[in-house]
K.L.:
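The structure under discussion is supplied below as structure tokens; questions concerning it will follow.
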Amino acid sequence: AGARYGYGLLWVVVLSAVFGTTAQYLAAKIGIVSGHGIIRTTEIHLGRTWAWILTLDALIATWLAAMVLMNALAGITGVLTGLPTPYWGLFFGILIGALINWRGYRWFETLCKVLVSFVVACFVVVLVLSAPPPGLVISGLVPHLTGGVDAALLAAAIMGGAVHVTIIGMHTYNTNARGWKLADLGLARLDTLLSMGVAFGIYSLAIYLVSATLLHPHQISVTRATDVAMALEPLLGRHAMHLFLIGLMAAAFSTIAPTFLAGAFFLADKLHWPLTTQDRRFVAIVWAGCAISMLGPLAKGSFFLLLPLMLALGLVGTPVIIGIIIYLLNRPALNRDAPNSRLMNLMAAITLLVTSFLALRFVISTFMG
């Protein structure tokens, strides 16, 4: 987006961090006050029909994301090894499924976090060195609609990267897994502000501004990983591409495993099965997600072209879960002890309206040109 539109979509990047923070806190609060995940809570308070609608919505978005991420893993591995083949998807599907189900994932996730953090730090350093023009940055913060199908797609994709049905839904289960109670609402708020508001916000802005400053003036359109790596060459030189690819691979790896788990949580929760890898039925759903993701490397097109489409489609399904969460958190029967403040309800409503607008704009522009 930064390479193609310069600073024109900067306002969307900023709002994605703000609304992502809002949505994640609302999700944490649902998990805490209900003591259940979002699917079971929806079934208890809204009935089976809405629970199934939300389950199918979340599953489609989640498994679509897994396919695109597997496409990335296979493609990056092919470049790094010099052996491009879709069968890398088969290898990684089996490997990640085994790590999740046999408790070997956590140490590898830590390594991935270190690698991703290194690449993000490089973008931050390059951002300081590139010194974006303050006037252009300020102008990019003013909301305005850039015309065209591609602009609508990228705006929806940016927002979908932060406000996505998968990560919102999964966070309701995270809070339960951590054993958080009403007394931990303050901790949940701090956790969300630091992760989505600060960490996510910083790296999103750094990557976007570096691309807008260094790639856009040269009309470099990002279609491959090598195009993005050019932005890091002022700092990393000839090592930029390989280091970026390793960081991107770590990001995909550390994202796809929770995606498999999210799909299993959604479906197992709806079927009232135990939400643990100690249950064979839960494990079977994890493996089903792994198997579906293996089809991803067979899809035609670069990861950098498939990713925005996946995120935009995920955003289309996201207003459903946000609307349900807002409704549930304003029901006294569920949230009597920790009612939403007027400010929180206002932020939630704005989040719902803006995400719905960007999703609808993407759909209309896609089908009507």
Side-chain angles (χ1 to χ4, degrees), residues 3 59-102 104-116 118-120 153 157 160-161 164 166-167 170 207 221-232 239-264 283-314:
L59 273 179
I60 292 171
T62 299
W63 283 342
L64 176 63
M67 291 174 64
V68 174
L69 290 167
M70 189 61 78
N71 176 283
L73 280 175
I76 296 167
T77 306
V79 173
L80 290 174
T81 62
L83 299 172
T85 172
Y87 291 109
W88 283 116
L90 178 64
F91 169 76
F92 282 116
I94 295 173
L95 173 63
I96 297 171
L99 288 175
I100 292 173
N101 291 311
W102 295 323
Y105 176 71
R106 189 171 297 277
W107 68 269
F108 199 87
E109 182 188 39
T110 301
L111 173 62
C112 289
K113 288 179 180 178
V114 171
L115 294 172
V116 172
F118 170 75
V119 174
V120 170
L153 166 65
H164 194 283
T166 300
I167 58 175
M170 184 61 183
I207 292 172
S221 180
V222 174
T223 58
R224 297 169 298 180
T226 50
D227 300 324
V228 185
M230 292 177 64
L232 294 177
H239 301 294
M241 187 183 78
H242 284 92
L243 289 173
F244 174 74
L245 285 175
I246 292 171
L248 182 61
M249 186 174 183
F253 200 107
S254 62
T255 304
I256 196 171
T259 301
F260 294 147
L261 281 171
V283 170
I285 303 174
V286 172
W287 282 115
C290 294
I292 291 171
S293 74
M294 294 175 190
L295 300 174
L298 300 177
K300 301 297 182 182
S302 163
F303 166 66
F304 283 95
L305 299 178
L306 294 173
L307 178 64
L309 181 60
M310 177 270 286
L311 292 174
L313 289 173

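The analysis underlying the following values was restricted to heavy atoms, covering all of them including side chains, and did not include hydrogens, waters or symmetry mates.
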K.L.:
Could you work out, with side chain to side chain donor-acceptor pair (under 3.5 Å) as the rule, every residue matching Thr62, not counting sequence neighbours?
P.N.:
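Counting only residues at least two positions away or on another chain, Thr62 forms a side chain to side chain donor-acceptor pair (under 3.5 Å) with Thr166.
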
K.L.:
Please round to the nearest 0.5 Å and tell me the distance separating atom OG of Ser293 and atom CG of Leu295.
P.N.:
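Output value for this atom pair is 8.0 Å.
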
K.L.:
Kindly compute the distance separating CZ (Phe303) from CE (Met310), expressed to the nearest 0.5 Å.
P.N.:
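One finds 7.0 Å between CZ of Phe303 and CE of Met310.
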
K.L.:
Can you give me the closest heavy-atom contact between Ile285 and Ala264, atom names plus distance?
P.N.:
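Where Ile285 meets Ala264 most closely, the heavy atoms are CG2-CA, 3.4 Å.
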
K.L.:
Under the side-chain contact (heavy atoms from CB on, under 4.5 Å) rule, collect the residues that match up with Leu243, sequence neighbours excluded.
P.N.:
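Counting only residues at least two positions away or on another chain, Leu243 forms a side-chain contact (heavy atoms from CB on, under 4.5 Å) with Phe118, Leu236, His239.
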
K.L.:
Mind listing the closest non-hydrogen atom pair of Gly314 and Ala61 along with its distance?
P.N.:
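That would be CA-CB, 4.4 Å.
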
K.L.:
Using a 3.5 Å cut-off and no angle test, enumerate the donor-acceptor pairs between side-chain atoms of residues 244-262 and protein atoms at least two apart in sequence or in another chain.
P.N.:
{"from": "Ser254", "atom 1": "OG", "to": "Ala250", "atom 2": "O", "distance (Å)": "3.0"}
{"from": "Ser254", "atom 1": "OG", "to": "Ala251", "atom 2": "O", "distance (Å)": "3.2"}
{"from": "Thr255", "atom 1": "OG1", "to": "Ala251", "atom 2": "O", "distance (Å)": "2.6"}
{"from": "Thr259", "atom 1": "OG1", "to": "Thr255", "atom 2": "O", "distance (Å)": "2.8"}

K.L.:
Is the closest side-chain heavy-atom distance between Ile167 and Met170 below 4.5 Å?
P.N.:
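No, every pair of side-chain atoms sits at 4.5 Å or beyond.
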
K.L.:
Counting only pairs under 3.5 Å, give me each side-chain donor-acceptor contact of residues 81-99, with atom names and distances, residues two or more places apart or in other chains.
P.N.:
{"from": "Thr81", "atom 1": "OG1", "to": "Thr77", "atom 2": "O", "distance (Å)": "2.7"}
{"from": "Thr81", "atom 1": "OG1", "to": "Leu83", "atom 2": "N", "distance (Å)": "3.2"}
{"from": "Thr85", "atom 1": "OG1", "to": "Tyr87", "atom 2": "N", "distance (Å)": "3.2"}
{"from": "Trp88", "atom 1": "NE1", "to": "Leu83", "atom 2": "O", "distance (Å)": "2.8"}

K.L.:
Distance check, rounded to the nearest 0.5 Å: Met241 atom CE versus Leu80 atom CG?
P.N.:
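CG of Leu80 is found 7.5 Å from CE of Met241.
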
K.L.:
Looking at residues at least two apart in the chain, or sitting in another chain, which of them share a side chain to side chain donor-acceptor pair (under 3.5 Å) with Thr223?
P.N.:
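With sequence neighbours excluded, Thr223 shows a side chain to side chain donor-acceptor pair (under 3.5 Å) to Asp227, given in chain and number order.
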
K.L.:
Can you name the closest pair of heavy atoms from Ala299 and Leu306 and give their distance?
P.N.:
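Taking every non-hydrogen atom into account, CB-CD1, 4.2 Å.
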
K.L.:
Should Leu69 and Leu73 count as side-chain neighbours, where that means a heavy-atom distance under 4.5 Å?
P.N.:
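The answer is no, as the side chains (C-beta and beyond) never meet within the 4.5 Å cut-off.
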
K.L.:
Quick one: pull up NE2 in His164 and CG in Leu311 and give me the separation to the nearest 0.5 Å.
P.N.:
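Nearest 0.5 Å value for the NE2-CG distance: 6.0 Å.
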
K.L.:
Which residues satisfy the side-chain contact (heavy atoms from CB on, under 4.5 Å) test with Ala288, sequence neighbours excluded?
P.N.:
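side-chain contact (heavy atoms from CB on, under 4.5 Å) check on Ala288 returns nothing, list empty.
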
K.L.:
Could you tell me which non-hydrogen atom of Leu153 sits nearest to which non-hydrogen atom of Ala312, and how far apart they are?
P.N.:
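Scanning both residues, the minimum pair turns out to be CD1-CB, 3.7 Å.
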
